[in-house]
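Predicted, not measured: the structure shown is a model, and the values here were computed from it.
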Amino acid sequence: MATHNNHLNGDAISNRHVSKKPKLAPTAAVAVITEDDLHSEFSHHDPAVARINNGSFGCCPASVIAAQRRWQLLNLRQPDHFYFNELKKGILHSRTIIKDLVNAEHVDEISIVDNATTAAAVVLQQTAWAFHEGRFQKGVDAVVMLHYAYGSVKKSVEAYVSRAGVIDHVTSMPSVVIPVKELVRICREESVDKVFVDAAHGIGCTSVDMQEIGADFYTSNLHKWFFCPPSIAFLYSRKNSSSCDLHHPVVSHEYGNGLAVESAWIGNRDYSAQLVVPDVLEFVNRFEGGIQGIKRRNHEKVVEMGQMLAAAWGTHLGSPPEMCASMAMVGLPACLGIRCDLDVARLRTHLRDEFGVEVPIYFRAPAAAISAGDVVTGYARISYQVYNKVEDYYKFRDAVDQLVNSGFTCAQLST
């Protein structure tokens, strides 16, 4: 994966650039994780389910869950002490770690919010105000959005008016790594006012460097691939004259003190997911190579498992291996008769209920000039995370083989 990371962000890194990112890897003081440790950390997962869908909800190890519980009890034990002496300090610590992880220039550029959807609302709200205040003009300025943007982001764009460029980094369905640096450069050449990268899967899945990417706004969830409990995301906003116009959509006492401060208090609620980032960093540094090693191994294994499944079913991967990060699209046998989005929803439920396999499935209509016939129209999006084993993917393979051998088609699920 190390040879792929720079490519996955677009152009190769310039020799003139010296990254400020720390080398996050185990030190002598950190115990390297063992197979037994790994089993213990994820023993709360349902052992009856082949969980090859980390991309949807992520995962959280037991040691981080325990740290989260300590924060929750600290709050419940004496809320006033927690609020006045612990909360802001703890969130600043988390923001500082995230700032180093993504190579932001200053900690003030990093805000912590619930998820990437909240971050999209923050950015698009600002541009809506810009239209209202006359900085952008209706009929002249417009939103530019790639067609595979995540559904909730499309809805946010629909709800707010924007002149910003909206770009995914690792798309959800279908799953591919987007060359965001090159796209940001093109946006600059075309005089796009602001560029927002929605990278819900980014951190912990592919290389994320704010100095290299060059976007005005970038968001990524930490509960998908960075082992945080749900829900937590960061929003990077490059420091400039307009960054002070960003506000959290939930207005509370900190309104007007900057987005990072506003986001750190939106009323009395559970902030524990935002406070365990140091514990997550300690967890990932128990692995060889730290988070970089995890990303590399996840990429190698998901490609290996995807190719194994494609070979077993006589299909293909949905994208070249170099465009996969920790997820891959694998074609399902055409004889399953996948003809619409409802078919894939029912098939996914059938795999879960009857075979104990949890995997998202995507319908791709054949080109108009091509008869469905033996054309692959269904793709499974498989994920690979540290808790996965090869047996999870064999279980999926065998479930599909059983369906094929029994003459099953999705039409049978309609009843």
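- Here the side chain of Arg364 pairs no donor or acceptor atom with the backbone of Gly318 at under 3.5 angstrom.
- Nearest heavy-atom pair across Ile338 and Gly378 is CD1-CA, 3.7 Å.
- Counting heavy-atom neighbours within 6.0 Å of His45 NE2, excluding the residue itself, gives a total above 12.
- Glu391 has no carboxylate O lying under 4.0 Å from a charged side-chain N of Arg397, or vice versa, which leaves the two without a salt bridge.
- Lys224 places a side-chain N or O within donor-acceptor distance of the main-chain N or O of Ser56, the cut-off being under 3.5 Å.
- In this structure, CZ on Arg70 lies 15.0 Å from CG on Asn75, to the nearest 0.5 angstrom.
- The closest side-chain heavy-atom distance from Ile203 to Val102 is below 4.5 Å.
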Trace of the side-chain contact (heavy atoms from CB on, under 4.5 Å) decision for Asp245 with Arg135: CA-CA 13 Å; Asp245 292 336; Arg135 285 178 283 158; 3.4 Å; yes
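- Between Phe131 and Phe136, the ring-plane angle classifies as perpendicular under the 30° and 60° cut-offs.
- Closest of all the heavy-atom pairs between Ser319 and Cys324 is OG-SG, 3.7 Å.
- Contact of the Tyr218 side chain with the Phe196 side chain is not registered, since no non-hydrogen atoms from C-beta on lie closer than 4.5 Å.
- Although no hydrogens or angles enter the test, the distance criterion places a donor-acceptor pair under 3.5 Å between the side chain of Thr34 and the main chain of Asp37.
- Remark: aromatic rings of His316 and Tyr379 are close, center separation under 6.0 Å.
- In this structure, CG on Leu403 lies 11.0 Å from CG on Asp398, to the nearest 0.5 angstrom.
- At a cut-off of 3.5 Å, with distance as the only test, no side-chain donor of Ser94 or Gln274 sits close to an acceptor on the other residue.
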message: Test side-chain contact (heavy atoms from CB on, under 4.5 Å) on Val359 and Ile382; report intermediate values, then the result.
response: CA-CA 6 Å; Val359 63; Ile382 62 169; 4.1 Å; yes
field: Residue pair Arg296, Glu300: steps toward the salt bridge (Lys or Arg N to Asp or Glu O under 4.0 Å) verdict
entry: CA-CA 6 Å; Arg296 175 180 54 80; Glu300 291 171 351; 3.7 Å; yes
task: Give the C-alpha distance, both sets of side-chain angles, the deciding distance and a yes or no for side-chain hydrogen bond (donor to acceptor under 3.5 Å, both in side chains) between Ser272 and Arg69.
output: CA-CA 8 Å; Ser272 59; Arg69 184 59 176 160; over 6 Å; no
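- Looking only at side-chain heavy atoms (C-beta outward), His223 and Phe226 stay at 4.5 Å or farther from each other.
- Summarising the geometry of Gln307 relative to Pro321, their closest heavy-atom pair is NE2-CG, 4.0 Å, with the distance given to 0.1 Å.
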field: Verdict with reasoning, Asp209 to Asn103, per side-chain hydrogen bond (donor to acceptor under 3.5 Å, both in side chains)
entry: CA-CA 5 Å; Asp209 189 311; Asn103 195 25; 3.0 Å; yes
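- Aromatic ring centres of Phe408 and His350: separated by under 6.0 Å.
- Within the 4.5 Å cutoff, the side chain of Glu86 has heavy atoms near those of the Trp71 side chain.
- In this structure a side-chain-to-backbone donor-acceptor pair under 3.5 Å is present from Glu109 to His106.
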- request: Give the C-alpha distance, both sets of side-chain angles, the deciding distance and a yes or no for salt bridge (Lys or Arg N to Asp or Glu O under 4.0 Å) between Arg188 and Asp193.
  value: CA-CA 8 Å; Arg188 300 302 185 203; Asp193 188 80; over 6 Å; no
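- One side chain, Ser63 or Glu41, offers a donor N or O that lies under 3.5 Å from an acceptor on the other.
- Thr206 has its side chain out of reach of His299: every pair of non-hydrogen atoms, C-beta onward, lies at least 4.5 Å apart.
- Judged purely by atom type and a 3.5 angstrom limit, Thr219 has no side-chain atom pairing as donor or acceptor with the backbone of Leu235.
- Tyr387 has its ring centre less than 6.0 Å from the ring centre of Phe42.
- To the nearest 0.5 angstrom, Gln68 atom CD is 6.5 Å from Cys60 atom SG.
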message: Please determine whether side-chain contact (heavy atoms from CB on, under 4.5 Å) holds for the pair Val113 and His248, giving the CA-CA distance in whole Å, both sets of side-chain angles, and the decisive distance to 0.1 Å.
response: CA-CA 9 Å; Val113 294; His248 198 284; 4.2 Å; yes
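- With hydrogens and angles ignored, the 3.5 Å screen pairs a side-chain donor or acceptor of Asn221 with a backbone N or O of Ala116.
- Annotation: side chain of Tyr384 is not in contact with side chain of Asp392 (no heavy-atom distance under 4.5 Å).
- For His247 and Glu262, the side-chain atoms include at least one donor-acceptor pair closer than 3.5 Å.
- Scanning both residues, Ala273 and Ile232, for their nearest heavy atoms gives O-CD1, 3.5 Å.
- Two rings, from Phe396 and Phe355, have their centers 6.0 Å or more apart.
- Atom CH2 of Trp225 is separated from atom CD of Gln385 by 5.5 Å, given to the nearest 0.5 angstrom.
- Crowding of His44 atom NE2: a count of heavy atoms from other residues, nucleotides or ligands under 6.0 Å exceeding 12.
- A donor-acceptor pair under 3.5 Å links the side-chain atoms of Ser111 to the main chain of Ala260, judged by distance alone.
- The side-chain contact (heavy atoms from CB on, under 4.5 Å) test with Ile361 is passed by exactly one of Val344, Val330, Asp343, Asp341: Val344.
- Nearest heavy atom pair, residue Leu317 against residue Ala310, reads N-CB, 4.3 Å.
- Here the closest non-hydrogen pair linking Gly407 and Gln412 is O-OE1, 3.4 Å.
- At least one donor-acceptor pair under 3.5 Å links the side chain of Thr349 to the backbone N or O of Ala345.
- The closest donor-acceptor contact from the side chain of Asn388 to the backbone of Arg51 lies under 3.5 Å.
- The distance from the CG atom of Leu38 to the CD atom of Glu35 is 6.0 Å, given to the nearest 0.5 Å.
- Legend: ring-ring contact (aromatic ring centres under 6.0 Å, His included) pairs involving residues 258-282, not counting sequence neighbours, sorted by first then second residue: Tyr83-Trp265, Trp265-Tyr271.
- Salt bridge absent: Arg95 and Asp100 never bring a charged side-chain N and a carboxylate O closer than 4.0 Å.
- By the salt bridge (charged side-chain N to carboxylate O under 4.0 Å, His left out) test, Arg348 pairs with Glu358, sequence neighbours left out.
- Between atom CD of residue Glu105 and atom CD1 of residue Ile110 there is a gap of 11.5 Å, rounded to the nearest 0.5 Å.
- Thr96 places a side-chain N or O within 3.5 Å of a backbone atom of Leu92 that can act as its donor or acceptor partner.
- Taking 4.0 Å as the cut-off between side-chain N and carboxylate O, Arg185 and Glu189 count as a salt-bridged pair.
- Taking a cutoff of 4.0 Å between a charged side-chain nitrogen and a carboxylate oxygen, Lys194 and Asp216 do not qualify as a salt bridge.
- The pair Lys301-Glu304 meets the salt-bridge criterion, since a charged nitrogen lies less than 4.0 angstrom from a carboxylate oxygen.
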Chi angles and distances behind the side-chain contact (heavy atoms from CB on, under 4.5 Å) call for Val302, Ser383: CA-CA 6 Å; Val302 81; Ser383 301; 5.7 Å; no
